[in-house]
Amino acid sequence: MKVIIVGGVAGGASAAARIRRLDEEAEILVFERSGHVSYANCGLPYYIGGVIQDPGELTLQTPESFFSRFRIVMKVHHEVTAIHPGKKTVSVKNLESGQEFEERYDKLLLSPGARPTQPRLPGSGIDKLFTLRTVEDTLRIREYIEKNHPGSAVLAGGGFIGLELAENLRSLGMEVTIVQRPRQLMNPFDPDMASFLHSEVRRHGVKLALGHTVEGFAEKDGGVDVLLKDEAPLHADLVILAIGVTPDSHLALKAGLETGIRGSILVNDRMETSVKDIYAVGDAVQVRHYVTGEDALISLAGPANRQGRIAADNICGGDSRYPGSQASSVIKVFSLTAAVTGINETTARKAGIDADRVVLSPMSHAGYFPGGRVMTMKVVFERKTFRLLGAQIIGYEGVDKRIDVLATAIHAHLPATELAELDLAYAPPYSSAKDPVNMAGFMIENISRGILKQFHMEDLAGPVRDGSVTLLDVRTAEEYAGGHVEGFMNIPVDELRERISEIAPGKPVYVMCQSGLRSYIAARILAGYGFDCHNFSGGFRFYDSVVNDRRMIETAFACGMDR
């Protein structure tokens, strides 16, 4: 059996190695148009910033090491220019010599990945305008920085690459501005959770121009003007486009393979395309979202590698199935760690799911053990069924392990209420006896039993302001004096029983504290006295972050720039 693989990164490299492990006799030939195989896309911004010093560290394997261990022929600087399904051949061009030839296959695997989205805008060819996708892109950017010592950069796009670049360029001393059309960074997060990311990047000197559309570029004064719709341009010494990726599916389109969202390659759960003996994996394929069941494009290394393994199994006569992508991810944002799995509240509602959520602020480990820090968790679930839909966590240590537990729970179809029952490891330096995941489960379990009723940010602008309810802040007098929501009276929770007469009988009571814990205790006290109580999800800390961020975005939008 002769297997040709188009693309030697992530899914393609994983598939090649897996095929060899399953079939020692297979002839495996990989064509990669760049000069590197099996490289770490996610590490590229860190080489630009100097965190990774040796460019050799970016490549996990080389053509030589692949051949030495697996007897797999990796041909770099070779581009597949056409697929001929009828003849079962591919046309190939050697990019170094210009030689063109055809190569026969029994099985063909497409792993071309995705290319940086580059809208056709005026000035796109300026030499100070870069994209970041390959090792070669990385080397060009770093070489430009070392040679020209730019003092400022505009990043068009506030996703994974944009944020990682912002941190690394700031570490080099540059002034950095992120501009993008949505009014938030990192769309996998809900806007309220993104407020914590906005605060962190601002704290480190990154300017945000959110809600602005880039309309072109122009060279000016030795740098680049980024032209914005209905706004003054942003000027910088260099610009990096990081507005997303587009499936690199032109080969599949020309060969007549069926395509889906944004031209992505259609595959079934065996990673088979619409043409017999042709498989496809990675960023170029359309997948099923594991939570919603809807078609999706999910460009992440983990899914690409798993898809490569599944395709390899099936190429070798097995029957492996890909269940869908859950979009679990984690990112370092300066000193913060931000992680997400499943779908957020915004996506759930767009999909027509009646979603609810809990927001909590647990410590990363036992409060009495030194070094613990607060994380903010948002867990989203279906209101009536308590199906676990997704989670977002932003904090410091321990964020990654909690998101992985929640990702596992979603994959296993655990109801959100069963998070309370998970038997998770505990020692004071690592967690609390009630782990943050358990705490989220306790809250959702209380909601399911009617013990806990919640109200949220959107409710504060609604009927609760008409005088029909009592608004109660149960923090200390000092905390209340330091900032509170207008209209809330203050009775500290420890004084509540003695001052119960100050609360108007017959009215529902909407209770708030700093994080949601004391207000829950107050709600239970009040319930014992016959009051109908609702607890504010997330507490004043959450409210304050969201409101301040909204205010800054609105002000910046009116002024044209984050100040």
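FYI, side chains are in, hydrogens and waters are out, and symmetry mates aren't considered; it's all heavy atoms of this structure.
Counted by atom type alone, Thr417 and Ser448 present zero donor-acceptor pairs between their side chains at under 3.5 Å. Side-chain polar atoms of Ser325 and Arg288 form no donor-acceptor pair below 3.5 angstrom. Remark: the Thr341 side chain and the Gln326 side chain contain an N/O donor-acceptor pair separated by less than 3.5 Å. Side-chain contact check for Arg551 and Asn548: at least one donor-acceptor pair (N or O, by modelled atom type) lies under 3.5 Å. A donor atom on one side chain and an acceptor atom on the other are found under 3.5 Å apart for Thr376 and Arg541. Neither side chain, Asp473 nor His484, offers a donor N or O lying under 3.5 Å from an acceptor on the other.
Within the 4.5 Å cutoff, the side chain of Ile243 has heavy atoms near those of the Pro119 side chain. Using a 4.5 Å cut-off on side-chain heavy atoms (C-beta onward), Leu472 and Ile491 make contact. Two residues are said to be in side-chain contact when any heavy atoms from C-beta on lie closer than 4.5 Å; Leu460 and Tyr543 meet this criterion. When side chains are defined from C-beta on, Val201 does not count as touching Lys207, because their heavy atoms never get closer than 4.5 Å. Two residues are said to be in side-chain contact when any heavy atoms from C-beta on lie closer than 4.5 Å; Val287 and Gln307 meet this criterion. Side-chain atoms of Tyr510 and Phe536, non-hydrogen and from C-beta on, never get closer than 4.5 Å to each other. Side chains of Asn535 and Lys453 form no contact here, defined as non-hydrogen atoms less than 4.5 Å apart.
Atom CZ of Arg373 is surrounded by 12 or fewer heavy atoms from other residues, nucleotides or ligands within 6.0 Å. Counting heavy atoms of neighbouring residues, nucleotides and ligands inside a 6.0 Å radius, atom CZ of Arg321 exceeds 12 of them. Within 6.0 Å of atom CZ in Arg449, 12 or fewer heavy atoms from other residues, nucleotides or ligands are found, so the atom counts as exposed in its surroundings. Atom CD of Glu397 is surrounded by more than 12 heavy atoms from other residues, nucleotides or ligands within 6.0 Å. Other residues, nucleotides and ligands place no more than 12 heavy atoms under 6.0 Å from the CD atom of Glu486.
Side chain of Thr476 to backbone of Glu479: a donor-acceptor contact under 3.5 angstrom is found. Judged purely by atom type and a 3.5 angstrom limit, Gln184 uses its side chain to pair as donor or acceptor with the backbone of Met186.
For the side chain to side chain donor-acceptor pair (under 3.5 Å) test, residues two or more places apart in sequence or in another chain that qualify with Thr347 are Asn344.
The side-chain tip of Arg475 points at the ring of Phe540 from less than 6.0 angstrom away and within 45° of straight on.
Aromatic ring centroids of Tyr430 and His365 lie 6.0 Å or more apart. A ring-centre distance under 6.0 Å is not found for His198 and Phe189.
Remark: Arg499 engages Glu502 in a salt bridge, criterion side-chain N to carboxylate O under 4.0 Å.
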Next item on the list: Decide yes or no on ring-ring contact (aromatic ring centres under 6.0 Å, His included) for His534 and Phe455, but give the supporting numbers first.
Entry: CA-CA 6 Å; His534 300 254; Phe455 70 105; 7.2 Å; no
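Exactly one residue among Met377, Gln454, Lys378 makes a side chain to side chain contact (heavy atoms under 4.5 Å, CB included) with Val358. That residue is Gln454.
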